[in-house]
Amino acid sequence: MTTTRRNFLKHSLGTSALVSLTPAVPALFLNTSAHAAAARRTSDNILVVVQLSGGNDGINTVIPHGDDVYHRSRNVTRYQANQVLKIDSYHGLHPQMTGFKSLYDEGQLAIVQGVGYPNPNRSHFESMDIWHTAKPTGEGRVAGRETGWIGRYLDAQRAAAKSPKNDDELAALHLGAGRLPLALAADKTRVPTVTDLTAFKLQTRNDGALRRTIESATRFDRGSDNDLLSYVQHSTVNALASSAQVQDALRQYSTPIAYPQSPLGQQLRTVAQLIEAGMSTRVYYVSLGGFDTHATQRNAHAALLKTLSDAVAAFTKDMAHHGHDKRVITMSFTEFGRRVKENASAGTDHGAANPLFLVGGGVKAGLIGKHPSMTDLDQGDLKFHTDFRAIYATLLKQWLGLPNPEAVLGGKFGPAKVLG
Amino acid sequence: MSNTLTQLDPNRAWAAYEPSAKRPWNVARAAHLYRRAGFSANWAELQSAVKGGPQATVRGLMADAAHAAASKDDQFESQMNAMGRTMMAGNNPRTLSAWWLYRMRYTPSQLLEKTTLFWHGHFATSAAKVTKAKMMLDQIALLRRGALGEFEPTVRAISRDPAMLVWLDSTSNRKIRPNENYARELMELFCLGIGNYTETDIKQMARAFTGWEVRKGKFVFNRWQHDTGSKSFLGASGEFDGDDAVRIVLEQPAASRFIASKLVRYFVSDEPALPDRLVEPLAKQLRENGFVIGPVVERILSSDLFFSEHVAARKVRSPVDLGIGLLRALEGATDMYQLAQSLDQVGQAVMYPPNVKGWDGGRAWISSSRLLGRANLVGALTVGGRAKFAGGGLHTLARKHNVSGPADTVDWLLDLLVATPVPRAVRGELVSLLQGRGDEGKNLARVVSAIGALPEFQLA
């Protein structure tokens, strides 16, 4: 049941048939050739990034219920040992994370503890930029021209590709309403943002002449010294081409798995559709916001963790159902954790080190690394012991098959023992 | 191009623009001025700008703004206030975007509204969290009053603004555990920019804002919660309160540079970014003249650099610029609730900025789905029939201005709509589209729809 459907698609949607749909662009992003099927292993692996924006309270996510300091520091926001989903006598998951708990029990969840970076920055934007660029403040980062760790990976893969035609527009895809995350910004590769796949097409109301005029008028080379104009022109041509192809790929998908109705659940369902359609997209990026819980955090934070846990669990089940579980890893991260001590508004303020989650059949399941000490703190915050760039390096090299993550990350990091 | 930009003499760049044979004052430059100083001009406004000359046109924009900022009882203000009161009664913040878009479409002072939108992106506060329509309207009114005035009173007022304090989780700020959020954003995003302060400055400054609270929707100073002790930040020490903090922050040389460069990016160029030495004369003007915004904006809009080839079409139109610009240029009217929703889908819901950093602008406005969404939006307003132009179809508008003949009509539309010439062959395709079968109004709608998908239309 696993590969039959993929194979069926490969046979029924041969490369030539796809090319004929949109002759202007190569169909390389659909992983349809026999050659591609033969070259499985890392060349077939997929990374799904779930960004938790606002700074998730990791202490109330992977809860050190066996630590008195936790209970003393959190009068209002704490959970008792009998409330948490127990992992062991010290650790437990937040009571709402039943989906994650099942994944943990099934050996599909890796909880990497104490993840962070030196000299932690407590500004949302700066710290998020550090995670996205994988570069500390000031280090080779030029305002407005910054590239992200995934973007640089995409550029490196593109440069290494043998065929010069390998202009793979959908090497990565961002799903969401917001702007393109900096992590996906690249010099050469343009990563599309897709808000709603059904709306991801040019609507011309069956007016063929209008459509042809738009397609041809946008394609003319502008031959201008205005970089912004060239950028917009190329982006427009790409948008028209990739939307036609995505619409085609979406027509084939069904699943018995019920996804939550949350935007995150629906976005992950779309990711599943695209993966099942045989797209060769290697990285998908989605976000969940609202973690900046300075005040009365208890209910809001619980709802967010439930949203995350339910959506990722449904997605992981669906991947297993379609036989993709061995080739898809979902990583969730956030820009920083929260202070150990709660504040006077029943919330928590910006902190530092935090747990990071990796989900899927390919991860080294279980707790990885120790929970950072609740008493040996850095300005009131947990100290990190695992640099997030070591995790990036491991995913880039061992999961996505990039030979030299050093070039992308600007130094040697890791490897971290996070994959199975 | 950026090479020549770096070679420009800063003082010459900001000297007044003098029309010349090489850089004549014409429809294209007048349209450029209106796209930047406002949202877009219609044909009559362009004609009168061309007749009046650049300096008089800019002076007119400034005078209109001064008048609009001061007036409380003219017809437009009364109409907007009445609509605002209706919204407050319903307390549905979702209608806020539509209300503001209506205002941008019909305001007699585009410059004041455009500058208010600038400050909204700067002191970016979202109704998604504030949830009270009245608080949001009060904040926008505060920003409009101060849009072109002295900066310091605006910052003092925004530091007490209930919407802002709710937005930044600072409605209760106690001396035993000061909330650092406001102090951080005051320096990082509102006044100085990152790198011009330390974490210690934040911690110390947070103490100055203790006791600044919101109760029952109003700002109150709770002296029992105010830390009266001595604080040290940004090289100053004393028993400072929040107003002292604002004053000390604005005394930093970084403040004038930070604000000047944001103004320049907003009104002049996304890319290339102007080098610091070109921004410096404007920063100096702010520093030496009480940090008043209006004169700097006027200097920018009447400058030689502003009307030069270096900055023409060097900005990406925001969704609001694009939607309101289309309506203003073509004298269009549409359902503002629907427009608000469409603009949200392509990345900009006014009153709902994505975060306290506001909208990034520039290339960040562009993505595949947003480009398709922009083209689809223009398509819906034109061939989709969602807008009326001069009270009817686009042919009504063309007739009103005595425009006829396929080539002349296409050129007229391009004059109104695009920031930089389209290739000859593209113009040819548009002319053919206009000559298609079917009635004139429908073909005009198809041409405007096609223009809406062009890269040239996405720029300002």
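Chain letters run A, B, ... following the sequence lines, proteins first and then strands; every chain starts at 1.
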Can you tell which of [options] has the highest number of heavy-atom pairs within less than 4.5 Å of chain B?
options: A/T236, A/D221, A/L229; value: A/L229
options: A/D349, A/D292, A/N343; value: A/N343
options: A/G54, A/S123, A/S224; value: A/S123
options: A/S243, A/S230, A/A344, A/G289; value: A/A344

Under a plain distance cut-off of 3.5 Å, with no hydrogens placed, do [Y] and [X] share a side-chain donor-acceptor pair?
X: A/N121; Y: A/E126; result: no
X: B/H226; Y: B/N173; result: no
X: A/T77; Y: A/R338; result: no

Candidate pair B/F258 and B/L192, rule side chain to side chain contact (heavy atoms under 4.5 Å, CB included), full reasoning: CA-CA 6 Å; B/F258 182 67; B/L192 298 179; 5.7 Å; no

If I measure from the heavy atoms of chain B, does [X] come under 4.5 Å with its side chain, its backbone, both, or neither?
X: A/S345; answer: side chain
X: A/F220; answer: side chain
X: A/L202; answer: both

Return the option, out of [options], with the maximum number of heavy-atom pairs under 4.5 Å with chain A.
options: B/Q458, B/E188, B/K129; answer: B/E188
options: B/L371, B/V426, B/V447, B/N376; answer: B/N376
options: B/L454, B/T420, B/L433; answer: B/L433
options: B/L372, B/I176, B/L459; answer: B/L372

Pick out which of A/E335, A/R122, A/H124 makes a side-chain hydrogen bond (donor to acceptor under 3.5 Å, both in side chains) with A/H350. A/H124

Give me the ring orientation class for A/W131 and A/Y117: parallel if the planes are under 30° apart, tilted from 30 to 60°, perpendicular past 60°. perpendicular

Please work out whether the ring planes of A/Y285 and A/H174 are parallel, tilted or perpendicular, with thresholds of 30° and 60°. perpendicular

Let me know if [X] has heavy atoms under 4.5 Å from chain A in its side chain, its backbone, both or neither.
X: B/R174; answer: side chain
X: B/A380; answer: both
X: B/E185; answer: side chain
X: B/N181; answer: side chain
X: B/V422; answer: neither

Got a list of side-chain donor-acceptor pairs under 3.5 Å for residues 199-206 of chain B, not counting sequence neighbours?
unit_1	atom_1	unit_2	atom_2	d
B/E199	OE2	B/R184	NH1	3.2
B/D201	OD1	B/L234	N	3.1
B/D201	OD2	B/T198	N	2.9
B/D201	OD2	B/T198	OG1	3.3
B/K203	NZ	A/Q379	OE1	3.4
B/Q204	OE1	B/R207	NH1	3.3
B/Q204	OE1	B/S232	N	2.9

So how far is it from A/L52 CG to A/L288 CG, rounded to the nearest 0.5 Å? 6.0 Å

Which residues satisfy the ring-ring contact (aromatic ring centres under 6.0 Å, His included) test with B/F457, sequence neighbours excluded? none

